[in-house]
> 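One structure, pasted below without further comment.
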Amino acid sequence: APVSSIIYADDKVQNYLMRFGYLPQTDFETGNLRTEDQLRDAIKNLQKFGGIRVTGEIDEATKKLMKARRCGLPDQLDARFARTRHKR
Amino acid sequence: FTIHGQQWPYRNLTWSLRSEQPSGLDTGGVRLELSKALDLWARNSKLTFQEINSDRADILIYFHRGYHGDGYPFDGKGQILAHAFFPGKDRGGDAHFDEEEIWTLEDESNEEGTSLFAVAAHEFGHSLGLAHSSVQGALMYPWYQGLSPNYELPEDDRHGIQQMYGAPEGKLWGNIPGGPLPPEQPPPPPPTTTTTTTTTTYRPWRTRPTRPNHYPDDGRPRQPGRYPQKPDYRPHKPHRHHTTWPATTTTTTTTTMRPTPRFRHRWTPPQRDDVPDKCDTSYDAISIIRREVFVFKGRYLWRIGDQGIYEGYPAEISRLFNLPSSINHVDAVYERPDKKIVFFIGREYYVFDANNLEPGYPKPLTYLGLPAALQKIDGAMVWGHNGKTYFFSGSMYWRFDETVNYVELDYPRDMSMFAGVGNDIDAVFQWKNGKTYFFKGKGFWEFDDLRMRVAHEKQKLSAPVWMGC
């Protein structure tokens with residue numbers, strides 16, 4: 001089985017997820033470490049919003065979406081509290 | 001569709017392009033594209049847009065590159081194309097386009113290019129209050145899709161704009177020919193906010209009863225009861241050898257009362273009229289130095305220890321720190337991890353080793369990697385949460401790497417990261433209880449570091465808590 005790509009989610013991916021609201025932007029400052037679940041959820045949200053197959057993996061379609069031209073505003077405007085939501 | 005924040009309280013909006021020949025394009029051509037993009041929303045709502053040549057228009061349109069002072073830097077050609085601000089004062093409604101993109105105007109087809117009309121139509125959706133939509137094909141879908149000529153607003157976006165601003169007058173509902181007229185739209189309900197109020201009571205500061213001010217100014221706190229009680233005011237006696245008995249006596253009475261100094265320094269409280277009233281003032285800066293709280297205002301500072309404000313303060317800043325005499329205020333102060341004390345004043349900064357200015361200072365802020373256009377620093381602190389140093393100014397903040405003495409990459413960022421604090425703070429510091437406090441005007445917020453937002457929306461008055469009023 002292919003090695004889980006989540007483990008290879010590098011800074012660029014996480015910065016993209018934070019910048020566009022799929023991970024709490026506050027993590028820029030708090031430096032909170034993410035769990036595997038959080039990363040996977042964030043990628044699924046991105047795939048769902050982007051209208052591509054939801055795999056939770058950083059697959060080719062997801063890479064292509066992340067390179068595509070787009071608006072600079074976040075897609076999820078209340079992700080700031082996403083962590084809290086996870087807690088609940 | 002998603003509506004975010006408030007909508008414009010009126011329907012006749014104004015707009016203005018504020019960049020000349022953006023990206024080398026013909027200004028007239030750019031204005032035409034922008035006007036067409038706005039018209040797309042006008043045709044589907046009660047909104048009207050009027051172009052004016054003024055920076056007071058509701059929607060200001062700029063072409064910028066890279067960092068351009070709003071905490072959302074552009075990234076050159078590709079990926080981020082533009083961004084816009086939701087309705088509101090100041091920057092609200094404004095749209096910024098990345099000048100380094102290859103923008104195409106009407107009928108220009110260029111595989112590599114990006115249609116200005118398409119992107120402008122999307123950004124103006126944000127300017128009017130719409131957030132991103134996950135409906136593929138919707139105009140508010142966040143990824144660039146280009147647009148076909150004679151483009152009409154998709155249904156998802158039309159529902160969104162009409163929910164906020166109503167369907168166009170006399171226009172058939174949803175453009176269905178012959179369809180029923182739209183029912184009168186009730187105004188959307190105001191956004192509901194749930195507020196939780198927590199009340200925290202602080203142990204009020206005890207102020208010592210005022211006593212004559214004659215104790216040494218060596219900075220060490222004095223225990224009550226150990227003050228000398230009375231100064232020695234005895235007038236001088238003429239010296240024995242000098243007594244003479246004049247035949248005629250003329251008496252002039254002059255009374256000089258001169259205390260006999262018992263200590264090396266005799267400090268008198270400032271008697272000037274620019275002394276700030278501690279119970280009715282904002283603060284220029286506030287910092288913990290050597291475990292004591294220093295509050296700066298104008299040319300003065302207060303010093304607050306465990307027992308409250310030290311006697312005899314406010315004192316002039318220049319009494320403790322040999323700043324140039326021309327300095328009449330400080331903007332921000334913080335104590336570095338290496339215990340040096342940094343003062344930010346205007347576009348320069350001073351570094352002190354205890355009371356002494358280090359050689360070679362002041363230096364310009366650009367030495368720290370801050371932009372040349374920066375006028376001043378509002379606040380500076382070492383944030384206990386991660387041990388990093390932060391500088392705040394206007395609507396932005398920087399994180400500063402003390403090891404390389406330079407601001408970190410990826411900064412500045414927008415102040416909204418510190419939710420609830422707003423822009424243009426007066427001061428910020430972290431108290432010994434490990435909590436962060438932001439000051440603005442005569443009030444302050446306690447900040448919840450974990451949730452990255454103020455602990456309570458409403459400010460508390462500073463004077464009762466920090467000055468013991």
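Chain identifiers are assigned alphabetically (A, B, ...) following the order of the sequence lines, protein sequences preceding nucleic acid strands; residue numbering begins at 1 within each chain. Worth knowing before you read on, the calculation uses all heavy atoms, side chains too, and leaves out hydrogens, waters and symmetry mates. For clarity, every value in this text was computed on a predicted model and none was experimentally measured.
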> Work out which heavy atom in A/P74 is nearest to a heavy atom in B/H132; give both atom names and the distance.
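Taking every non-hydrogen atom into account, O-ND1, 3.4 Å.
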> To the nearest 0.5 Å, how far apart are CZ in A/R69 and CG in B/D98?
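Reported value, rounded in 0.5 Å steps: 12.0 Å.
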> Measuring from B/S134:OG to A/N45:CG, what's the distance to the nearest 0.5 Å?
10.5 Å
> Tell me, for B/F74 versus chain A, whether the close heavy atoms (under 4.5 Å) come from the side chain, the backbone, both or neither.
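Interface part for B/F74: neither.
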> Can you tell me how far the CG atom of A/D75 sits from the CH2 atom of B/W143, to the nearest 0.5 Å?
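Going from CG on A/D75 over to CH2 on B/W143, the span is 5.0 Å.
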> Let me know if B/T2 has heavy atoms under 4.5 Å from chain A in its side chain, its backbone, both or neither.
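No part of it gets close to chain A.
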> How about B/H126 and A/C71: do any of their side-chain heavy atoms sit closer than 4.5 Å?
yes
> Rounded to the nearest 0.5 Å, what separates atom CD in B/Q136 from atom CZ in A/F49?
11.0 Å
> Please round to the nearest 0.5 Å and tell me the distance separating atom NE2 of B/H122 and atom CG of A/L73.
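Rounded to the nearest 0.5 Å, the NE2-CG separation comes out at 7.0 Å.
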> Check whether any side-chain N or O of B/Q79 sits under 3.5 Å from a backbone N or O of A/G72 as a donor-acceptor pair, and report yes or no.
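No; judged by distance alone, with no hydrogens or angles, the pair does not exist.
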> Is atom CZ of B/R91 surrounded by more than 12 heavy atoms (other residues, nucleotides or ligands) closer than 6.0 Å?
yes
> What part of B/Q145 lies closer than 4.5 angstrom to a heavy atom of chain A: side chain, backbone, both or neither?
neither
